[in-house]
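To start, the structure itself, in structure tokens.
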Amino acid sequence: MSDTSVRKEAKPKAYKPSELEARWQARWAETDLYKTDEDPDKRKHYALTMLPYPSGDLHVGHWYAMTPSDTRARYMRMRGYRVFFPIGFDAFGLPAENAAIQRGIHPHDWTYANIENMRGQLRQMGTMFDFDAEVVSCDPEYYKWNQWFFVKFFEKGLAYRKEAPVDWCPRDNTTLAREQVVGPDRVCERCGTPVIKKNLPQWLFRITDYVEELLDFSNLDWPERVETLQKNWIGRSEGAEIKFVIENFGDIEVFTTRPDTLFGATFFVMSSEHPAVAEITTDEQRPEVEAYVERASRMSEIDRTDVTREKSGAFTGAYATNPANGASIPVYIADYVLMGYGTGAIMAVPGQDERDWEFAEKYDLPIIRTVKPPEDFDGKAYVGEGLAMNSGFLDGLEVEEAKERMTRHLEAEGKGRATVTYRIRDWLISRQRYWGTPIPIIHCPDCGPVAVPEEDLPVLLPDEAEFMPTGESPLKLDPEFRNTTCPKCGGPAERDTDTMDTFMDSSWYQYRYLSPHYDDAPFDPERGKKWLPVDQYTGGVEHAVMHLLYTRFFTKVMRDLGLVDFDEPMERLFNQGIILGPDGNRMSKSRGNVVNPQDYVDKYGSDVLRSYLMFIGPWNEGGPWDGGGIEGVARWLRRTTTLVSGEPTSAEADPSELDRRTNRLIKKLTGDIEAFRFNTSIAALMEQTNFLLAIKGKVGEKEWDAALHNFALVLAPFAPHHAEEIWNELGEEKSVHLQSWPEWDEAAIFEETITLIVQVNGKVRDRIEAPADIEEEAAKELALASENVRAQMDGKKIRKAIYVPGRLVNLVVS
RNA sequence: GCCGGAGUGGCGGAAUCGGUAGACGCGCCGGACUCAAAAUCCGGUUCCCUCCGGGGAGUGUGGGUUCGAGUCCCACCUCCGGCACCA
């Protein structure tokens with residue numbers, strides 16, 4: 001017992017990551033270490049991670065999104081850039097209001113309490129976020145500029161009000177943008193409730209004015225996946241609008257991408273919602289048509305859009321004239337023709353269209369092939385390439401040429417014209433909810449909708465609000481808010497009681513970060529010149545057709561308003577994956593597979609959690625959480641703290657490798673971070689740690705010291721607290737995070753000897769140490785001298801010998 | 001149905017240019033330390049055969065190109081994601 005005290009003293013000091021991290025975080029805060037560097041002589045780098053919704057606590061998904069992003073921002077800073085890396089809160093939205101309805105807490109209080117809580121958690125994360133730049137979108141100081149933008153859009157004709165059938169979520173009690181309605185069942189993106197159509201006057205933004213520009217990705221370094229999603233969403237298709245004369249009525253236009261098949265149009269189909277249906281229907285057919293329209297309108301969206309359902313329709317009794325050949329063709333209505341696309345009417349060409357074929361078969365309508373299918377074709381409608389047939393002046397032409405000829409012909413005859421149709425609709429902005437930015441419009445019985453004058457902004461969201469269990473908008477029920485006077489004529493008028501889609505907030509937040517308290521404009525133009533646009537954006541791919549499309553649109557409008565002088569908000573984008581629960585499913589409370597990051601921060605510290613999340617696999621892939629796997633990372637980081645003062649391990653390693661390995665590590669990490677390959681970075685850092693501990697005490701002091709300095713430097717972006725601790729133990733006073741990223745010496749990486757692979761007929765038979773610059777002849781001699789090779793040769797002749805310098809010899813024998 | 005992405009040990013994954021498949025880590029096995037355990041450290045760990053020299057098979061399946069294929073080409077299977085009657 002008497003010697004225990006002696007042994008205790010000899011032990012290295014206890015490793016307590018939470019103590020270590022708290023100590024450094026306090027020190028960093030004291031020294032303003034992460035205050036944004038404004039040095040004008042440095043190149044700028046604006047790094048941005050998607051801002052979180054203040055739901056209450058940071059979850060592991062936030063860690064997965066933010067900490068690798070932080071690693072890269074730290075790396076850029078060490079590379080000599082001045083780096084701006086802000087964070088904020090996307091603080092408007094329904095959960096706050098639902099909390100109000102369910103628990104009687106005001107959305108404001110709920111939101112700000114959550115923000116307060118999450119601020120603390122964000123700081124504990126140990127990132128280099130500049131908290132001075134923080135933006136909270138539900139603050140009047142912020143949403144005033146939402147309103148300002150709305151007014152600008154309104155003045156430019158980019159915001160307009162329209163009464164039309166819109167998507168309504170009966171559970172969230174609000175309209176939705178088309179982008180927020182998802183899946184074949186057309187459900188609300190937030191809550192999964194099937195949406196219904198409602199006729200309401202709504203504000204829309206004319207994003208369709210910018211479609212052509214939004215299709216241009218040539219100056220963007222964005223994932224192809226996002227590009228494809230946006231292109232598909234915009235859904236550009238080239239074709240023609242063709243006028244059909246309807247007997248006893250007039251013209252109805254159709255849109256088609258296949259004008260070349262016009263000679264094969266044997267019937268005409270309109271959407272049951274087409275406004276001309278009632279007028280063209282003959283008395284005889286009216287009962288049948290009305291019954292069909294009635295049935296179609298009552299059918300749920302789910303049934304209507306079920307592709308597997310048999311086609312159905314009704315004959316209107318009317319006839320149209322095919323403008324190509326003068327044939328009289330019957331006019332049908334059918335629900336497979338959508339009112340929301342093209343003109344809501346089509347020419348049906350069963351010979352070249354599968355849906356039309358199906359319809360023709362059911363209603364026994366004629367089918368004419370106008371494109372010659374290949375000899376072996378035995379299908380029904382033929383949609384492929386081929387020569388035109390049964391098509392008069394088009395016969396014998398390829399599809400592309402026939403399209404063009406027909407379009408020119410129709411244009412000359414005044415019966416049609418080339419046109420482009422898009423799938424994308426204008427962005428519906430109005431929401432019938434309380435917790436959002438009030439739409440700054442006053443409805444005057446005499447002047448119509450009038451914008452609130454700039455000097456009267458912001459239109460404040462009233463604090464007092466009654467939250468109905470039905471979810472009905474409290475603003476509607478608030479006469480004090482609602483009743484006002486018209487800014488134009490001074491007469492009594494009413495405010496718009498809708499609020500804006502919260503995607504409005506996130507469409508321009510990256511600009512507000514620059515000067516969150518600036519009072520004269522959405523952002524300080526001087527700050528803009530210094531920092532814009534965003535250089536590197538990171539976030540989830542789920543925002544591809546909403547946020548990421550809206551913010552591109554916004555930037556283009558801002559450019560046209562003279563606010564910015566570039567076209568795209570974020571030059572480079574990276575999509576991280578999703579971190580799943582241990583069971584491989586998406587984390588959710590109902591599944592009970594939610595991983596709480598705080599548990600791991602408490603146990604292992606922030607460095608371990610962030611390093612583990614980077615180590616788990618490629619960042620863009622995400623993956624299931626493995627609670628056991630994190631142990632390995634925890635062990636590794638603990639070992640790094642023994643580098644300076646701890647004991648060496650007894651593993652075998654060659655100390656003369658030190659310089660080469662250090663240089664190789666720097667090179668590897670540089671390439672990895674540039675390409676977001678954090679998982680292999682961590683692996684390389686682990687390898688180096690194992691190596692360093694094995695050779696500890698076996699190399700010169702100077703060499704050892706240099707190696708540890710370099711190790712701390714390259715560790716810094718990944719495990720900022722541990723790196724700082726090592727750096728400090730090495731006797732350095734100035735933070736490791738203010739140092740430059742080390743350079744590597746390519747010459748030091750060069751190896752003098754290589755392992756020459758010797759193959760016989762492509763199979764590895766031996767591995768021989770050889771000089772790196774070994775000549776072909778010498779390499780072959782070495783190969784032939786090998787016992788293993790000779791055993792394989794056994795009386796056979798060498799036909800050929802392949803030599804790959806510095807790598808292998810392959811002897812081809814038979 | 002269409003458009004993407006992906007299939008590699010027991011598990012997460014590595015192999016960046018067609019040239020040693022399985023880096024790094026988890027788990028497991030064995031050893032050291034310990035009265036013992038935990039922690040820690042060391043070694044081993046794709047599978048099958050083996051006379052312990054080595055041999056055979058192997059990156060979803062089947063073909064192909066090549067001296068050589070996880071990597072390139074063709075056909076297919078499975079999983080994940082997106083879109084879905086868009087004329």
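Labels below follow one simple rule: chain letters A, B, ... track the order of the sequence lines, proteins then strands, and each chain is numbered from 1. Just so we're clear, the structure is a prediction, and the values are computed from it rather than from any experiment.
Taking atom C1' in both B:U45 and B:G9, the straight-line distance is 10 Å, to the nearest Å. Using atom C1' as the reference point in both B:G70 and B:U8, the two lie 7 Å apart (nearest Å). The gap from the C1' atom of B:G13 to that of B:A6 amounts to 14 Å, rounded to the nearest Å. Using C1' as the reference atom, B:C41 and B:G60 are 40 Å apart when rounded to the nearest Å. Across B:C76 and B:C3, the matching P atoms stand 12 Å from one another, rounded to whole Å. Rounded to whole Å, the separation between the P atoms of B:U66 and B:G82 comes to 42 Å. B:C2 sits 8 Å from B:A84 when the C1' atoms are compared, rounded to a whole Å. Comparing B:A69 with B:U65, their P atoms are spaced 11 Å from each other, to the whole Å.
A perpendicular orientation is assigned to the rings of A:Tyr341 and A:Phe255, their planes being inclined by more than 60° (bins at 30° and 60°). Using bins of under 30°, 30° to 60° and over 60° for the plane-to-plane angle, the ring pair A:Tyr15/A:His722 lands in the tilted bin. The aromatic rings of A:Phe678 and A:Phe718 lie perpendicular to each other, with more than 60° between the two planes, well past the 30° mark.
Distances shown here put a side-chain N or O of A:Arg765 below 4.0 Å from the OP1 or OP2 atom of B:G55. Contact between the side-chain N/O atoms of A:Ser237 and the OP1/OP2 oxygens of B:A87 is found at a separation under 4.0 Å. The phosphate of B:G68 has neither OP1 nor OP2 within less than 4.0 Å of any side-chain N or O from A:Arg807. Distances shorter than 4.0 Å separate none of the side-chain N or O atoms of A:Asn788 from OP1 or OP2 on B:G53. Residue A:Arg225 places no side-chain N or O under 4.0 Å from the OP1 or OP2 atom of B:C3. Not one side-chain nitrogen or oxygen of A:Asn690 sits closer than 4.0 Å to the OP1 or OP2 atom of B:C42. Side-chain nitrogen and oxygen atoms of A:Lys763 include none within less than 4.0 Å of the OP1 or OP2 phosphate oxygen of B:G19. Proximity of A:Thr649 to the phosphate of B:C42: a side-chain N or O atom is located under 4.0 Å from OP1 or OP2. Using a 4.0 Å cut-off, some side-chain N or O of A:Arg635 falls inside it from OP1 or OP2 of B:G27.
Counted by atom type alone, A:Ser272 and A:Asp335 present zero donor-acceptor pairs between their side chains at under 3.5 Å. If you check the side chains of A:Thr257 and A:Glu238, you find no donor sitting under 3.5 Å from an acceptor.
Position along RNA chain B of the nearest nucleotide to A:Ala651 versus A:Glu621 favours A:Glu621 as the more 5'-ward residue. Heavy-atom nearest nucleotides on RNA chain B were determined for A:Leu808 and for A:Ile346, and the one closer to the 5' end corresponds to A:Leu808.
Using a 90° window around 0 for the glycosidic torsion, B:G9 falls inside it and is classed as syn. B:G53: glycosidic angle within 90° of 0, hence syn. Taking syn as a glycosidic angle within 90° of 0, B:C73 does not qualify and is anti.
Each of B:G13, B:A15, B:A84 was ranked by its minimum atom distance to the side chain of A:Thr680; first place goes to B:A15. Between B:U20, B:A23, B:G68, one nucleotide has an atom nearer to the side chain of A:Asn810 than all others, and that is B:G68. Here the side chain of A:Tyr341 is nearest to one of B:A87, B:A23, B:C42, namely B:A87. Side-chain proximity of A:Tyr336 to the nucleotides B:C24, B:C85, B:A87 is greatest for B:C85. Comparing B:A23, B:C85, B:G13 by their closest approach to the side chain of A:Pro618 singles out B:G13. Closest to the side chain of A:Lys668, out of B:C42, B:U16, B:A87, is B:U16.
Residue A:Asn575 is out of contact with every strand shown, counting any heavy-atom pair closer than 4.0 Å. Among the heavy atoms of the strands, none lies under 4.0 Å from A:Arg664. A:Arg425 comes within 4.0 angstrom of nothing in the nucleic acid, heavy atoms only. Across all strands, A:Val804 comes closer than 4.0 Å to base atoms (heavy-atom distances). Residue contacts shown for A:Ile616 are limited to sugar-phosphate atoms, with no base heavy atom under 4.0 Å away.
With A:Phe615 as the fixed residue, the side chain to side chain contact (heavy atoms under 4.5 Å, CB included) test singles out one of A:Ile682, A:Ile630, A:Thr680, A:Leu685: A:Ile682.
Ring to ring, A:Trp625 and A:Tyr612 are close: their centroids are under 6.0 angstrom apart. Between A:Tyr363 and A:Phe267, the gap from one ring centroid to the other reaches at least 6.0 Å. Aromatic rings of A:Tyr600 and A:Trp63 (six-membered ring for Trp) have centroids beyond the 6.0 Å cut-off, not under it.
One can place CD of A:Gln759 at 13 Å from C1' of B:A21, the figure rounded to the nearest angstrom. Remark: C1' of B:C85 and CE of A:Met270 are 18 Å apart, rounded to the nearest angstrom. Whole-Å rounding puts the A:Leu229 CG to B:G5 P distance at 12 Å. Remark: P of B:C2 and CZ of A:Arg423 are 18 Å apart, rounded to the nearest angstrom. When the P atom of B:C2 is taken as reference, atom NZ of A:Lys231 falls 21 Å away, rounded to whole Å. If you take CZ of A:Arg638 and C1' of B:C41, they are 10 Å apart, rounded to a whole angstrom. Spacing between atom NZ of A:Lys800 and atom C1' of B:U66 amounts to 9 Å, rounded to whole angstrom units. Taking atom CG on A:Asn620 and atom P on B:U16, their separation rounds to 16 Å, with Å as the unit.
Base pairing analysis places B:U66 opposite nothing; no Watson-Crick or G-U wobble pair with both distances below 3.5 Å involves it. Look at B:C11: its Watson-Crick or wobble partner, with both distances under 3.5 angstrom, is B:G25. In this structure, B:U59 makes no Watson-Crick or G-U wobble pair, since no nucleotide meets both defining distances under 3.5 angstrom. Both distances falling under 3.5 Å, in either a Watson-Crick or a G-U wobble arrangement, occur for no nucleotide opposite B:C35. The pairing partner recorded for B:C2 is B:G82, the criterion being a Watson-Crick or G-U wobble arrangement whose two distances lie under 3.5 angstrom.
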